[in-house]
Amino acid sequence: MLIKRSTGWQLPERQATPEGLYLDRRRLVQAMGLGLAASAASLALPGVAAADDKAVDPTAHFYPPKRNDKFGDPTPVTPERLAITYNNYYEFGTDKSIWRAAQKLEIRPWTIKVGGMVEKPFEIGFDDLLAKMPLEERVYRHRCVETWSMIVPWSGFAMKSLVAFCKPAGGAKYVVMKTLQKPSVMFEQKDPLWPWPYTEGLAMDEATNDLAFIATGLYGKPIGKQNGAPIRLVVPWKYGFKSVKSIVSIEFTDKRPVSFWEALQDNEYGFWANVNPKVPHPRWSQATEKPLGSDERIPTQLYNGYGEFVSSLYENRKSEKLFM
Ligand SMILES: Nc1nc2c(c(=O)[nH]1)N[C@H]1C(S)=C(S)[C@@H](COP(=O)(O)O)O[C@H]1N2
Ligand SMILES: [Mo]
């Protein structure tokens with residue numbers, strides 16, 4: 001029943017005019033003519049916009065940007081309701097139902113600090129950054145190391161555009177990205193046994209590969225908080241944990257960073273973490289995956305199906321632990 005409803009609101013929303021996005025929540029639901037029960041409406045809403053009840057997202061008019069299908073047009077696209085209600089965001093809890101808790105995150109103002117090996121360190125507000133970046137939409141597969149997967153339309157810009165904007169120094173070898181630290185809202189950060197803030201990194205050639213993406217939108221709207229608003233990484237050839245959410249810090253360095261999961265358990269989560277069905281995780285096989293909303297498992301692909309774009313990155317790194 002919910003599934004049927006979701007296909008009902010998904011399409012009109014996708015085609016919503018920019019004006020449509022300015023309607024407040026109740027009017028938006030009414031405008032879609034669905035008369036949803038309160039519970040169903042609130043289920044649908046966290047992904048509507050990064051905006052809360054009172055504020056309108058100042059970047060809503062950018063969405064949806066033009067689709068770029070150079071990296072494929074995978075199907076079937078996961079129902080939006082699933083992608084915005086089944087999440088990993090450990091700052092807000094250790095289960096998959098963190099979307100409600102994540103709504104407490106304040107995403108305006110949002111400042112991103114750029115530093116380390118750059119021409120000149122600087123800070124920039126998210127809205128200012130977004131206005132400078134070439135926005136597009138890409139439909140990507142996403143593969144979590146826990147073996148669930150999804151196919152979703154991200155909006156945002158190529159990571160290489162962001163790297164160029166940061167003006168890294170010649171000697172920089174890695175880019176390190178960190179999530180906001182705010183234990184009052186991100187309550188799991190009060191647990192001192194975890195290496196907060198959530199930290200991830202890419203080698204410079206990975207970060208400037210065409211496939212690496214920075215997402216600021218999802219399903220043609222500003223990205224919801226549970227999915228990493230206002231700005232997150234998307235590296236679809238790697239396990240999902242590399243795709244760090246709600247970024248506030250970007251640093252360039254010549255030393256390989258230790259990422260969040262690697263610091264916790266380096267025999268289970270490596271730095272490279274490229275998807276490979278033949279390399280099992282110590283606790284479970286990676287041979288197959290379960291698409292969200294499907295009952296059947298499907299085979300997992302090397303580099304999550306993106307080998308043609310990224311396999312050359314690893315030709316001279318064969319001695320590294322590339323796949324976990
Ligand atoms: N800050 C932060 N980023 C994170 C995570 C997290 O717990 N905290 N989880 C990662 C994992 S394991 C996955 S699979 C994806 C999930 O993204 P989604 O919830 O948008 O599907 O986010 C990644 N980014
Ligand atoms: Mo994951």
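Read the numbers this way: they start at 1 and go in the same order the structure lists the ligands and their atoms. Please read these numbers as outputs of a predicted model, since none were measured by experiment.
- Of the N and O atoms on the side chains of Q286 and T300, not one donor lies less than 3.5 Å from an acceptor on the other residue.
- Judged purely by distance below 3.5 Å, without hydrogens or angles, the side chains of Y239 and W272 never pair a donor atom with an acceptor atom.
- When W261, Y239, F260, Y90 are ranked by how near their heavy atoms come to atom 7 (O) of ligand 1, first place goes to Y90.
- Closest to atom 10 (C) of ligand 1 among all protein heavy atoms lies Y198 OH, 3.5 Å.
- For the pair K96/W148, a side-chain contact is recorded, criterion being any heavy-atom separation below 4.5 Å from C-beta on.
- Residues L162 and F157 meet the side-chain proximity criterion, which asks for heavy atoms closer than 4.5 Å.
- With a 4.0 Å cut-off on non-hydrogen atoms, W99 does not touch ligand 1 at all.
- For atom 9 (N) of ligand 1, the choice among T85, N88, T78 with the nearest heavy atom turns out to be N88.
- With contacts defined as side-chain heavy-atom distances shorter than 4.5 Å, the pair R108/F126 qualifies.
- For the pair K70 and E136, the salt-bridge criterion is not met [side-chain N within less than 4.0 Å of a carboxylate O].
- When non-hydrogen atoms are compared, ligand 1 lies under 4.0 Å from the side chain of R232 (C-beta onward) but not from its backbone.
- Of the possible donor and acceptor atoms, one in the side chain of Q226 sits under 3.5 Å from a partner among the backbone N and O of I84.
- A salt bridge links R317 with D205: at least one charged nitrogen is closer than 4.0 Å to a carboxylate oxygen.
- In this structure, the protein non-hydrogen atom closest to atom 3 (N) of ligand 1 is K245 N, 3.2 Å.
- Protein heavy atom nearest atom 14 (S) of ligand 1, with residue, atom name and distance: H142 NE2, 3.3 Å.
- Among Y303, Y140, Y306, Y314, the one residue that satisfies the side-chain hydrogen bond (donor to acceptor under 3.5 Å, both in side chains) test with W237 is Y314.
- Counting protein heavy atoms only, atom 24 (N) of ligand 1 is closest to S243 O, 2.9 Å.
- Atoms of ligand 1 lying under 4.0 Å from at least one heavy atom of N87, given by number and element, are 18 (P), 19 (O), 20 (O).
- The atoms of ligand 1 that sit less than 4.0 Å from any heavy atom of G240 are 10 (C), 11 (C), 13 (C), 14 (S), 15 (C), 22 (O), 23 (C).
- Using a 4.0 Å cut-off to heavy atoms of C144, the atoms of ligand 1 that qualify are 14 (S).
- Residue contacts with ligand 1, taken as heavy atom pairs separated by less than 4.0 Å, involve T179 solely via side-chain atoms from C-beta onward.
- Atoms of ligand 1 found under 4.0 Å from any heavy atom of F241 (numbered from 1 in listed order, with element): 10 (C), 11 (C), 12 (S).
- Contact atoms of ligand 1 toward E91: 1 (N), 2 (C), 6 (C), 7 (O), 8 (N) (distance under 4.0 Å to a heavy atom of the residue).
- Using a 4.5 Å heavy-atom threshold, the side chains of P222 and F62 count as separate.
- Ranking the protein heavy atoms by distance from atom 21 (O) of ligand 1 puts M150 CE, 3.1 Å first.
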